[in-house]
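Chain letters run A, B, ... following the sequence lines, proteins first, then strands; residues in each count from 1. Note that the structure is a prediction, hence the values are computed from the model and not measured.
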Number of protein chains: 2
Amino acid sequence: MGRCRGNAWWQGRFRGCGYRVTAGREIILDALTKTDKHLSAEDIYLSVKKSCPGIGLATVYRTLEILVEMGLVLKFDFGDGRARYELAEGPNKEANHHHHLICAGCKRVIDYTDFIEDEVELLRKTEKGLSEKYNFDIKSHVIQFYGLCEKCKTK
Amino acid sequence: MGRCRGNAWWQGRFRGCGYRVTAGREIILDALTKTDKHLSAEDIYLSVKKSCPGIGLATVYRTLEILVEMGLVLKFDFGDGRARYELAEGPNKEANHHHHLICAGCKRVIDYTDFIEDEVELLRKTEKGLSEKYNFDIKSHVIQFYGLCEKCKTK
DNA sequence: CCTCTATTGATAATGGTTCTCATTATCAAT
DNA sequence: ATTGATAATGAGAACCATTATCAATAGAGG
Ligand SMILES: [Mn+2]
Ligand SMILES: [Mn+2]
Ligand SMILES: [Zn+2]
Ligand SMILES: [Zn+2]
C-alpha cells in the first residue's frame, strides 16, 4: 500500500466513487471546509496556491466538477459572471442547508437559515405536488432572494 | 413629428425611461412576446434576423440588458452556460409570475403556476421575516427545482 | 519496486458576452 | 419638412470564465 494520506471523513466516499485521493483534491476541499464564503474557482486557486504553489487552475476546475457531481459541494450562480462554490456537507456542517439573500448593490451574499423550517414544510408540499402533476423527480432546489442590503438600501 | 412607430403598451414606458423607440428594440420585444420559450440571446438574434436581416448580435444583448433593467424581461441561468430571457409582463401576460422545473437530463424547462398560491403565502411571510431580521429590501426571488423529467427519469 | 493509468500543470482553444468606433437613426426644436 | 444633438447600431475585436489537449507525473494494487 502506498503512503497513507490520512482518513478524513470524505476520503472513503471519494475512493468509493473510484477517484484517487490526491494532495490537490485534499487541499481544495480543505479550502472550502475552512471558509463560510462563496468562493469562485479563482478564489480557491489563489488560496490553495499559498500552500501548494505548483497547483494549476485546471485542477481546481476539475476537482470542483467532481465535488459537485458527488454532492459534496454546491455550485451557484449569483449573477456576477462566475460560478461560486460552497461546501454542501462535512464534518462540522451536517445540516448546512440554507438559502441566499443577494444584494444587487454590493453583490454581498447572505446565508440564512432562520425561516428554513416553514420553507422546508412548504417545499415538501410543493415538491410532492409538482412530482405528481408533472411526473418530475425533484433532486434539489435553488431559492434566492434579490434586493438591497442594509448598507445599499440607503444610497 | 416623425413617422409614428405605433403605440404598443411598452413604448410609453420605454420613452419615459429616456430610451428611444427603435425598430430593433420593437422586434426584439416582439420575439419575446410571441413565444413561451426561454430564449437565449442567440435564439433571439436568429429569430429576429429573419424579418430584420441587418440586425447585430450586440444590439440584441444591449436591448436585453435594458429590458431586464426596466423589469420588462427576466434573465435566468438554468445552468447551460448561457443566459435565458423571458417576458416578465405584457399585454397578455399581466400576471405571468411563475417558477421553474429544470430537467438535468434533457435541460427542458417547465413553467409552473399550480402551487403558487401556497408558495406566495410562504414567500410573503419569509420575505417579511428576512426583511426585518437582515434589514434587507427584497425586490425579487428565484425559485427553481432541479431533477429529472418524465422522459428522463426512466433512463 | 513495478505497472497501469488516473491525474496533473501548462497552455491553447472555446464560446458567451462586452467593448470600440465609425456610421446611422431618433426626435425635439426649428 | 429640416436640422442638429446625440442615442443607437453593426461589424468585429476584445474579454474572460471555463474546457480541452497532451506530455509528464503520481496514486494504488500487486
Ligand atoms: Mn451559502
Ligand atoms: Mn419561465
Ligand atoms: Zn449591498
Ligand atoms: Zn428531461
K.L.:
Taking OP1 and OP2 of D:dA17, is either one under 4.0 Å from a side-chain nitrogen or oxygen of A:S40?
P.N.:
no
K.L.:
B:T59 side chain: which of C:dC19, D:dT9, C:dG9 is closest?
P.N.:
D:dT9
K.L.:
If I take atom CD in residue A:E26 and atom P in nucleotide C:dT7, what distance separates them, rounded to the nearest angstrom?
P.N.:
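From A:E26 CD to C:dT7 P: 15 Å.
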K.L.:
Considering only side-chain heavy atoms of B:R20, which listed nucleotide, C:dT7, D:dT18, C:dT26, is closest?
P.N.:
C:dT26
K.L.:
Among the nucleotides D:dA17, D:dT9, C:dT7, which one has an atom lying closest to any side-chain atom of A:Y61?
P.N.:
D:dA17
K.L.:
Can you find a side-chain donor-acceptor pair between B:Y61 and B:E42 that sits under 3.5 Å?
P.N.:
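No - no donor-acceptor pair under 3.5 Å links their side chains.
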K.L.:
Without hydrogens or angle criteria, can the side chains of B:H98 and B:E86 be said to hold a donor-acceptor pair below 3.5 Å?
P.N.:
yes
K.L.:
Just compare C:dT11, D:dA28, C:dT17 and give me whichever is closest to any side-chain atom of A:V21.
P.N.:
D:dA28
K.L.:
Side-chain donor or acceptor of A:R15 under 3.5 Å from a matching atom on the base of D:dG27?
P.N.:
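Such a pair does not exist between side chain and base.
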K.L.:
Which is it for A:D30 and A:T33 under the side chain to side chain donor-acceptor pair (under 3.5 Å) test, yes or no, and what are the steps along the way?
P.N.:
CA-CA 5 Å; A:D30 259 6; A:T33 305; 5.0 Å; no
K.L.:
Tell me whether A:K153 at atom NZ has more than 12 heavy atoms from other residues, nucleotides or ligands lying less than 6.0 Å away.
P.N.:
yes
K.L.:
Is the base of C:dG9 touched by the side chain of A:R62 through a donor-acceptor pair closer than 3.5 angstrom?
P.N.:
yes
K.L.:
Between D:dT18, D:dT9, C:dT8, which one does the side chain of A:A41 approach most closely?
P.N.:
D:dT18
K.L.:
Counting only side-chain N and O atoms of A:R82, is one of them less than 4.0 Å from OP1 or OP2 of D:dT18?
P.N.:
no
K.L.:
Examine A:H141 together with A:H97 and report whether their ring centres are nearer than 6.0 Å.
P.N.:
yes
K.L.:
In whole Å, what is the span from the CG atom of B:D43 to the C1' atom of C:dT17?
P.N.:
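To the nearest whole Å, that distance equals 15 Å.
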K.L.:
Just report the end-to-end axis angle for the helix from C:dC1-D:dG30 to C:dT30-D:dA1, five pairs per end, to 10 degrees.
P.N.:
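What I find for the helix from C:dC1-D:dG30 to C:dT30-D:dA1 is an axis angle of 40°.
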K.L.:
Could you tell me how far apart B:D80 (CG) and D:dT19 (C1') are, to the nearest whole angstrom?
P.N.:
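Spelled out: CG on B:D80 to C1' on D:dT19 is 16 Å.
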K.L.:
With clusters built from Ile, Leu, Val, Met, Phe, Trp and Tyr whose side-chain heavy atoms come within less than 4.5 Å, directly or transitively, what are the remaining members of the cluster of B:I102, listed by chain and number?
P.N.:
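Members alongside B:I102: A:V142, B:L74, B:F76, B:F78, B:V109, B:Y146.
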K.L.:
Among D:dT9, D:dA17, D:dA8, which is the nearest nucleotide to the side chain of B:Y19?
P.N.:
D:dA8
K.L.:
Strictly by modelled atom types, are B:E69 and B:Y19 linked by a side-chain donor-acceptor pair under 3.5 Å?
P.N.:
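Present: a donor and an acceptor within the cut-off.
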